[in-house]
There are 2 protein chains.
Amino acid sequence: MEAVQDLPPGTAPGLRTKSQLQRRRRILQAAAALASRGGVEAMQMRTVAERAGVALGTLYRYFPSKMDLVVAVVGEELDMLESSIARRPPAAATPDGRAVDVLMRATRGLMREPELADALIRALILADVELPFGDRMAGLLVRVAGLSDGHATEEQGVLAASLGAVWVQELLEMLRGRRTYEDIQRRIEIAASRLLAEFPASRVE
Amino acid sequence: MEAVQDLPPGTAPGLRTKSQLQRRRRILQAAAALASRGGVEAMQMRTVAERAGVALGTLYRYFPSKMDLVVAVVGEELDMLESSIARRPPAAATPDGRAVDVLMRATRGLMREPELADALIRALILADVELPFGDRMAGLLVRVAGLSDGHATEEQGVLAASLGAVWVQELLEMLRGRRTYEDIQRRIEIAASRLLAEFPASRVE
DNA sequence: ACACTTACTAGAATCCGTTCTAACTTCGGT
DNA sequence: ACCGAAGTTAGAACGGATTCTAGTAAGTGT
């Protein structure tokens, strides 16, 4: 139930030897693979351990709880999203257009592995841990909406975070089978147009 | 993992005798009491059963899973919020003002029992069940924002639901200790002013 | 090489949600 | 008053996350 103090993203410190990095990698890989089909329930700690070729105790040394493991997996997915965005930045003309673009791209990515997505999103919401998720997503949106990374207004931050919250909620509804991709797109567009409309400038009609 | 088919809100059908209603009541009461301190983890099925003076099997007959139990408890809380609002409707002049009023009133209510709130919110978000929560809250917001209950635009519905999503997210952050009441108020106001600003009319500022 | 701290392993043990069993009650109809 | 269906009970049993234990391997400083 506690935070992952060690092993932050990137080249995780606290991992001295090469074999430890590899272990960590194997674990994350096994976890993601298992979750990809079967969802959370398929991703059992014993199974992950076994599949990663690691003792249960060791798994727990690397990830003190299942949640921590899930959070780490999500972190990797986010890394991928960010690099995808860096590779091919959203092209829309308006800030809200760009934000929608990014969110829908992420949505498509998640839809490709619904079980994984389900597991990840739920776990994230549940997480007691410092979740780099909401913040990271909000930061990403602020950035993408076209505000110089560092110095966003508080208001801008709040609005970006709000859009992120809406998105997460819509994803959950989708996972519950109550939204189609098109639903989400439409709804996110509506919310984004309100939340991220240009600040000082004109309002298109 | 499944929905509560029987026992909808109000006078729950499917409960023939008086003693069954009382059992149900005792269970819900015990559950809420346990969750009030100690949160979800304190609300263990065995404990609830014991404290309600009911066998474990019976508890499971009334509420097929812990989640169903939590959902029922939340339902009761929502009933209370709605009746509180009916008693003393929000007075603010603008739709977004009224929405903020309602949300902050709900926030205060939840803050009074943080452990309970934590348990309930998380469980709800997790729930596979048809959760009358998002919808109920969104409907409440639409209503309170001053749109004739029945015939809200799709856009209005989306916007109300969005504000609800933002609120839930902020609550979660609060429960994680990352927001104060004032934070939430400020942030909800910002989001609401964007999402629920008068539609055709002027924009202040 | 040696001692020592730290990491890893296999497996048992614990905790809690959930399911199952067998016997006992309660209720509605006759 | 009696019968069968449905509701209850105490308690055992099962499954999966998490914890604990004792012993083995690996890395570090001297």
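Convention: sequence-line order gives letters A, B, ...; per-chain numbering from 1.
For Tyr62(A), the listed nucleotide lying nearest its side chain is dC8(C); candidates were dT18(C), dA17(D), dC8(C). When each of dG17(C), dT18(D), dT9(D) is scored by its nearest atom to the side-chain atoms of Arg23(B), the top-ranked nucleotide is dT9(D). Checked against dT18(D), dG17(C), dA7(C), the side chain of Arg46(A) finds its nearest nucleotide in dT18(D). In this structure, the nucleotide among dG17(C), dC8(C), dT18(D) sitting nearest to the side chain of Lys66(A) is dT18(D). Taking only side-chain atoms of Met45(B), from C-beta outward, the nucleotide of dG16(D), dT18(C), dG7(D) with the closest atom is dT18(C).
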Taking only distance into account, with no hydrogens and no angle test, what donor-acceptor pairs under 3.5 Å do side-chain atoms of residues 45-57 of chain B form with protein atoms, sequence neighbours excluded?
none

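A donor-acceptor contact shorter than 3.5 Å is absent between the side chain of Asp101(B) and the backbone of Arg98(B). Judged by distance alone, the side chain of Ser84(A) and the main-chain N or O of Met80(A) form no donor-acceptor pair under 3.5 Å. Side chain of Thr17(A) to backbone of Ser19(A): a donor-acceptor contact under 3.5 angstrom is found.
We find that CZ of Phe63(A) is positioned 16 Å from P of dT19(D), with the value rounded to whole Å. Across the protein-nucleic acid pair, Arg61(B) atom CZ and dG7(D) atom P stand 4 Å apart, rounded to whole Å. What separates CD of Glu41(B) from C1' of dG17(C) is a distance of 14 Å, to the nearest Å. The separation between Asp68(A) atom CG and dT18(D) atom C1' is 12 Å, rounded to whole Å. Whole-Å rounding puts the Gln22(A) CD to dC8(C) P distance at 12 Å. Look at CD1 on Ile27(B): it is 11 Å from C1' on dT8(D), rounded to the nearest Å. One interatomic measurement links the two molecules: CG of Leu21(A) to P of dA7(C), which rounds to 14 Å at whole-angstrom precision. The distance from atom CD of Gln44(B) to atom P of dT14(C) is 17 Å, rounded to the nearest whole Å.
For Glu154(B), the salt bridge (charged side-chain N to carboxylate O under 4.0 Å, His left out) partners at least two apart in sequence or on another chain are Arg186(A). By the side-chain hydrogen bond (donor to acceptor under 3.5 Å, both in side chains) test, Ser36(A) pairs with no residue at all, sequence neighbours left out. Take Gln169(A) and apply the side chain to side chain contact (heavy atoms under 4.5 Å, CB included) test, not counting sequence neighbours, and it matches Ala165(B), Gln169(B). In terms of the salt bridge (charged side-chain N to carboxylate O under 4.0 Å, His left out) criterion, Glu76(B) has no residue partners (sequence neighbours excluded). Partners of Gln185(A) according to the side-chain hydrogen bond (donor to acceptor under 3.5 Å, both in side chains) rule, which considers only residues two or more places apart in sequence or in another chain, are Glu189(A). Arg25(A) is linked by a side-chain hydrogen bond (donor to acceptor under 3.5 Å, both in side chains) to nothing, counting only residues two or more places apart in sequence or in another chain. Not counting sequence neighbours, Glu77(B) has no partner by the side-chain hydrogen bond (donor to acceptor under 3.5 Å, both in side chains) test. By the side chain to side chain contact (heavy atoms under 4.5 Å, CB included) test, Arg108(B) is found to be paired with Met104(B), Arg105(B), Arg112(B), Tyr181(B), residues two or more places apart in sequence or in another chain being considered.
Across residues 52-60 of chain B, Leu56(B), Tyr60(B) each have a non-hydrogen atom less than 4.0 Å from an atom of DNA chain C (numbered order).
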Within the sub-3.5 Å range, which N or O atoms of nucleotides 24-30 of chain D have a protein N or O partner, and how far apart are they?
none

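At its two ends the helix from dA1(C)-dT30(D) to dT30(C)-dA1(D) runs along axes set 20° apart, each axis drawn from five pairs and the angle rounded to 10°.
Checking the phosphate oxygens (OP1, OP2) of dT6(C), no side-chain nitrogen or oxygen of Gln20(A) falls inside 4.0 Å.
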